[in-house]
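Structure, as C-alpha cells:
Read the numbers this way: they start at 1 and go in the same order the structure lists the ligands and their atoms.
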Amino acid sequence: MRNDLLLKAARGEETSRVPVWVMRQAGRILPGYRKVRASVKDFTELVKTPELACEVTLEPVNVLGVDAAIIFSDILVIPEAMGLPYQMLESKGPHFEKTIKTAKDIDALRRGTTENWDYVVNALKLTKRELGNKLPLLGFAGSPWTIFAYMTEGSGSKTFSVAKRMIFSEPKMAHSLLEKITETTIAYLKDQVNAGADLVQIFDSWGGILGYDTYNEFSLQYIARIVDELSKMVPVTAFPKGAYFASEQLAKLNCRVIGLDWAINPAEARKTFRNKTLQGNMDPCMLYSDTNSIKKATQAMIKAFGTQNYIANLGHGVYPDTPVDHVKCFIDTVKEYGANNS
Ligand code: CP3
C-alpha cells in the first residue's frame, strides 16, 4: 500500500509521521457530500446506493488529504438488518417507528446475515477497487450497548433512561438483546473485512452514560467479544466515548487502538494504555477557532501524545458547520509536524 501510515501506527510499527483522519469526514462539512445528499430522497437511500456511498467516501481523501478513507454508512445498519428499520429525520437525527420493549420483541428480531447488509459489502468492494492500493479503508460498527440504546429508546436521548431502565429492571432481557446484537455485529464486521476493510472501529458512543459496574456488564464485555473475534483478522479500534471511568478495564481489551475523546489527558492515557496505539482527541469545537490557534493546539496535541503509536483525530465527529479550511488546517498541521519537530 502506497500510504500505510495509519495501519503501521495501528500495528505499533514505526511511522515517518503521524497519520491523520477525522471522524465524520465523509459528511456535511464537504460540498460534494451535500450535493449528493440533496440528490437522493433521504439518508438511507444514500447509505444503500453503493456508487454514491463510494463517491462520498472518497471525497475527503481528495479534498482533505486524510490518511484513510472510512466507508460512508451508519451504525444503524445493524438494527435495520435485524428487522428494526430507522429513518433519519432532517435536523433531528435517527427515528425508529418500532422499539424493543419486551422479550417477544427480542425473539422477533433476526440475527442479520450478509443479505441484510449486502449494500455495505458492495460499497466497500467498490471503494476498495477505486482506492486501489493508495490508502487504507476503514470499516465500522456501533458497540452492542450503543445499538441497544437506539433500539430501545427509538431515537437519540439526553439521558437514555429508557435503555437504562431495561438494564436495571430486566437485566436478563437486556443481556439477551445484547447477545443477539453482538453476534450480528461480529458477522457484519467479518463481512466488512472480507470486502476490503483494513481496520475496523467500534463506536461506543453512549458507553459514557453507564456507570463503572454497568459499563463492564452491559457494554465492555460485549465489545471484548467483538474485539477478540475481529483482531484475528485486522487491527481493531475501540472508541469508548466518555467511558474514561473504565480506563483500566479498557486497557485489557485485546484491540490494538483506543480512540479517545477530548476529556482525556494524553499523558494519563499513555500511562493507562501502555501497549496500545492511541487515536484522538482534539475537541471538534476547537476547529471553530481561528487557523493560527488550530495550528498551535494541534501541535500541542501531538507533542502530548508523541509521534509514535499515535493516530491524530478529533475526540468525536466533526460538526457539520465547521469551515473546511479549518479541518484542512488541522490535517495539514499534523502532516507537517513530523518533518519539523521529530
Ligand atoms: O465518519 C464518517 O465520515 C463515516 C460515516 C459515518 C456516519 N455515521 C455518517 C452519518 C459514521 C462512522 C457514523 C457513525 C455513527 N452514526 C455514530 C457513531 C459515531 C458518533 O457520532 O458517536 C452514531 C451514534 C450514529 C447515529 C447517527 N447517524 C446519528 C445520531 C445521526 C444524526 C446526527 C447527525 O450527525 O446528523 C446520524 C446521521 C449521519 N450519519 C449523518 C452522516 C454523514 C448526517 C445525516 C445527513 O446527511 O443528513
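No hydrogens or angles considered: a donor-acceptor pair under 3.5 Å links the side chains of Q279 and W21.
Proximity of P94 to ligand 1 is established by a heavy-atom distance of less than 4.0 Å. Residue contact annotation: S73 has a non-hydrogen atom under 4.0 Å from ligand 1.
Checked against a 3.5 angstrom limit, the closest N/O atoms of Y150 and ligand 1 fall outside it. Not one N or O of E90 is nearer than 3.5 Å to an N or O of ligand 1, by distance alone. Residue M88 has no nitrogen or oxygen atom sitting less than 3.5 Å from a nitrogen or oxygen atom of ligand 1, judged on distance alone. Considering backbone and side-chain N/O atoms, W21 never comes within less than 3.5 Å of an N/O atom of ligand 1. Between H316 and ligand 1, an N or O atom pair is found at a separation short of 3.5 Å. Backbone and side-chain nitrogen or oxygen atoms of W206 are examined, and none is located within less than 3.5 angstrom of a nitrogen or oxygen of ligand 1.
Protein heavy atom at the shortest distance from atom 14 (C) of ligand 1 is I75 CG2, 3.8 Å. Looking from atom 47 (O) of ligand 1 to the surrounding protein, the closest heavy atom is Y33 OH, 2.4 Å. At the shortest separation from atom 18 (C) of ligand 1 among protein heavy atoms lies S205 OG, 3.2 Å. In terms of protein heavy atoms, atom 36 (O) of ligand 1 is closest to R28 NH2, 2.7 Å. Residue, atom and distance of the protein heavy atom nearest to atom 3 (O) of ligand 1 are A26 N, 2.7 Å. The protein atom (non-hydrogen) at minimum distance from atom 19 (C) of ligand 1 is F203 CD2, 3.4 Å. The shortest contact between atom 13 (C) of ligand 1 and any protein heavy atom is with R24 NE, 3.6 Å.
Results of the ring-ring contact (aromatic ring centres under 6.0 Å, His included) test with W206 over F160, F148, F239 single out F160 as the only residue that passes. Looking at I209, T182, I181 one by one, the single match for side chain to side chain contact (heavy atoms under 4.5 Å, CB included) with W145 turns out to be I209. Just one residue in the list V18, D332, T333, I331 forms a side chain to side chain contact (heavy atoms under 4.5 Å, CB included) with T298, and that residue is T333.
Classification of the F43-F72 ring pair by plane angle, with boundaries at 30° and 60°, yields perpendicular. Using the six-membered ring where Trp is involved, Y319 and Y288 have ring planes that are parallel, under 30° apart on the 30 and 60° scheme.
Only the backbone of I71 comes within 4.0 Å of ligand 1, counting heavy atoms alone; no side-chain atom from C-beta on gets that close. Proximity of R37 to ligand 1, defined as any heavy-atom pair under 4.0 Å, is confined to the side chain (atoms from C-beta onward).
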Original post:
Would R17 and D67 count as a salt bridge (Lys or Arg N to Asp or Glu O under 4.0 Å) if you check the C-alpha gap in whole Å, the side-chain angles of each, and the deciding distance to 0.1 Å?
Top reply: CA-CA 11 Å; R17 68 162 171 83; D67 292 310; 2.8 Å; yes
Subject >> CA sep, side-chain torsions, deciding dist, call: E130, K125, salt bridge (Lys or Arg N to Asp or Glu O under 4.0 Å) >> reply: CA-CA 9 Å; E130 293 280 317; K125 283 183 180 162; over 6 Å; no
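Comparing heavy-atom distances from atom 28 (N) of ligand 1 across D74, L76, I202 singles out D74 as nearest.
Within a 6.0 Å sphere centred on CZ of F245, other residues, nucleotides and ligands contribute more than 12 heavy atoms.
Ion pairing between D105 and K101 fails under the 4.0 Å rule for side-chain N and carboxylate O. With salt bridges taken as basic N to acidic carboxylate O contacts below 4.0 Å, one links E179 and R225.
Residue F72 has at least one heavy-atom neighbour below 4.0 Å for each of these atoms of ligand 1: 9 (C), 43 (C).
When atom types are taken as modelled, the side chain of T146 and the backbone of G142 share no donor-acceptor pair closer than 3.5 angstrom.
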